[in-house]
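Below you'll find the structure, written out as structure tokens, and then a few comments.
Treat the numbers as computed from the prediction; the structure is a model and nothing was measured. Counting starts at 1 for both ligands and their atoms, following the listed order.
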Amino acid sequence: MPPENNLADLGEFGLISRIAANVTIGHGVITGIGDDAAVTAITPGMQLLTSTDMLLEGVHFRRSWHAPYLLGRKSLAVNISDIAAMGGIPRWATLSLAIPKDCSLEYLDSFTKGFLSMAADHGVALIGGDTCRSNSGLVISVTILGEQLPELIIRRSGARPGDEIWVTGTLGDAAFGLSLLEQEGGTVETPRRDVSTYLISRLLDPTPRTAAGRTLAESGLVTAMIDISDGLMADFGHIAELAGVGGTIQVNALPISPAFQSASQRLSVFPCSFVLSGGEDYELAFTAPVDNRKKIIEITKKSGIDATPVGIVTSSPGVTVIRSDGSEIAPQAHGFTHFT
Ligand code: ADP
Ligand code: MG
């Protein structure tokens with residue numbers, strides 16, 4: 001056992017107590033960590049929203065890139081994002097960990113701190129979980145519970161032909177950050193401190209769009225919503241499939257960040273695939289009748305985030321990408337193109 005690792009001495013229950021000691025009592029929590037099951041009170045009239053995501057070392061994250069504090073934040077953020085995409089209010093979470101031998105107590109303390117900081121940012125209470133040993137990598141499984149009035153919950157299936165397609169924030173930052181880490185390096189020990197820091201932080205420390213999602217749902221202005229975890233093409237594709245519609249996306253309308261722009265210029269490429277198909281931005285894509293455009297811009301600004309119309313829902317199936325002159329960009333050209 002490495003000298004810094006006294007997790008074995010502490011044991012499973014010691015670790016749980018250590019996590020529980022840092023948890024503050026949350027909204028509607030009657031009995032939290034410590035009993036056989038948590039007891040929570042749902043707000044009268046609301047329905048329960050439940051979502052689970054797993055993060056596997058080597059599949060979803062690398063310990064060499066991801067400091068434990070940020071990994072803790074991200075493992076809850078990606079779950080909160082699913083509640084945001086339904087227009088819900090995130091309330092409670094469970095955290096299950098399979099921990100390999102080489103994870104030190106210091107590492108887990110830092111992970112927990114990060115997880116609980118994300119929880120505090122979004123009013124989420126940690127109410128339970130499970131803890132065991134892993135014989136391979138670190139496995140993190142989080143379940144998030146949220147709530148919302150039934151008539152305000154936004155589903156993927158609600159998009160209608162003629163609606164506008166919208167996205168919050170900017171697209172492609174996380175994918176660009178990932179490619180910079182892969183190609184140019186940057187580790188927890190030797191982090192990058194340059195113009196690409198923002199892009200990498202979008203990958204390692206994403207912000208779920210809770211306020212925007214909830215505001216949009218409560219406004220009654222939107223018809224369908226999803227969070228962009230697998231890229232706009234794939235995720236709008238899910239809306240299209242479930243709603244039985246298609247879509248046309250205007251490539252020139254897609255919002256990119258100043259950091260994305262300057263990294264493009266530095267490398268003399270415009271990685272269109274990052275904007276269209278890059279994952280892990282955790283922005284929201286939603287649809288709304290054209291007449292609601294002005295009001296949507298107003299209310300999203302108020303919730304502190306920009307939203308941009310990027311296309312139109314069509315009655316014919318399939319999602320196409322077009323230039324400003326109306327010409328179609330072939331799917332194989334959604335990838336890298338030289339920066340002009
Ligand atoms: P059981 O054997 O009944 O499943 P456990 O010993 O696994 O109980 O868990 C004891 C308590 O600690 C439960 O309330 C459980 O939800 C909580 N718990 C276990 N692991 C974690 C964790 N990683 N984070 C938060 N709570 C946890
Ligand atoms: Mg258990």
Side-chain angles (χ1 to χ4, degrees), residues 1-2 4-42 48-63 66-83 88-147 204-206 208 210:
M1 191 179 73
E4 81 277 15
N5 189 348
N6 51 2
L7 187 56
D9 299 338
L10 194 65
E12 178 192 336
F13 295 107
L15 180 64
I16 296 171
S17 306
R18 219 172 154 91
I19 295 173
N22 289 298
V23 170
T24 45
I25 204 79
H27 177 99
V29 179
I30 295 158
T31 305
I33 294 172
D35 216 314
D36 293 308
V39 184
T40 51
I42 303 172
L48 191 64
L49 301 159
T50 308
S51 182
T52 298
D53 261 311
M54 288 181 83
L55 279 88
L56 276 69
E57 182 177 352
V59 178
H60 301 100
F61 66 91
R62 293 193 200 176
R63 264 196 271 167
H66 227 133
Y69 182 83
L70 296 184
L71 184 61
R73 283 180 62 82
K74 183 168 179 175
S75 51
L76 182 56
V78 302
N79 281 274
I80 291 175
S81 179
D82 284 316
I83 299 295
I89 308 159
R91 293 285 196 210
W92 310 289
T94 65
L95 167 63
S96 296
L97 294 168
I99 304 165
K101 279 206 169 73
D102 63 348
C103 255
S104 66
L105 186 57
E106 188 191 1
Y107 184 96
L108 293 168
D109 280 346
S110 185
F111 174 92
T112 306
K113 245 192 207 160
F115 187 96
L116 293 175
S117 77
M118 179 57 64
D121 287 354
H122 296 271
V124 171
L126 178 62
I127 56 165
D130 202 16
T131 305
C132 61
R133 184 58 82 188
S134 166
N135 288 333
S136 51
L138 174 62
V139 178
I140 305 153
S141 175
V142 175
T143 297
I144 183 94
L145 302 145
E147 54 179 9
L204 300 180
D205 190 18
T210 326

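Taking distance alone, with nitrogen or oxygen atoms compared against 3.5 Å, I33 stays at or beyond that limit from ligand 1. An N or O contact shorter than 3.5 Å links T131 to ligand 1 by distance. Taking only nitrogen or oxygen atoms, main chain and side chain alike, G32 does not reach within less than 3.5 Å of ligand 1. Considering both main-chain and side-chain atoms, G34 comes within under 3.5 Å of ligand 1 through a nitrogen or oxygen pair.
Proximity of D35 to ligand 1, defined as any heavy-atom pair under 4.0 Å, is confined to the backbone N, CA, C and O atoms.
In terms of heavy-atom proximity, F115 sits nearest to V142 at CE1-CG2, 3.8 Å. Between I33 and A20, the shortest heavy-atom distance links the atoms CG2-CB, 3.8 Å.
Ring planes of H27 and W92: tilted class, angle from 30 to 60°.
The contact set between ligand 1 and D36, taken as ligand atoms under 4.0 Å from a residue heavy atom, comprises 3 (O). Close contacts of ligand 1 with D130, meaning ligand atoms under 4.0 Å from a residue heavy atom, involve 7 (O), 19 (C), 20 (N), 21 (C), 23 (N). Interface of G128 with ligand 1, defined as ligand atoms under 4.0 Å from a residue heavy atom, comprises 16 (O), 24 (N), 25 (C), 26 (N), 27 (C). Atoms of ligand 1 found under 4.0 Å from any heavy atom of L95, numbered from 1 in the order shown, are 21 (C), 22 (C), 23 (N), 24 (N). Near F13, with a cut-off below 4.0 Å to any heavy atom, the atoms of ligand 1 are 6 (O).
With a 4.5 Å cut-off on side-chain heavy atoms, L105 and L15 count as touching. The shortest distance between side-chain heavy atoms of K74 and M118 does not fall below 4.5 Å. Counting only heavy atoms from C-beta outward, the side chains of T40 and R91 never approach each other to under 4.5 Å.
Annotation for D35: atom CG counts as buried by contact number, over 12 foreign heavy atoms lying within 6.0 Å.
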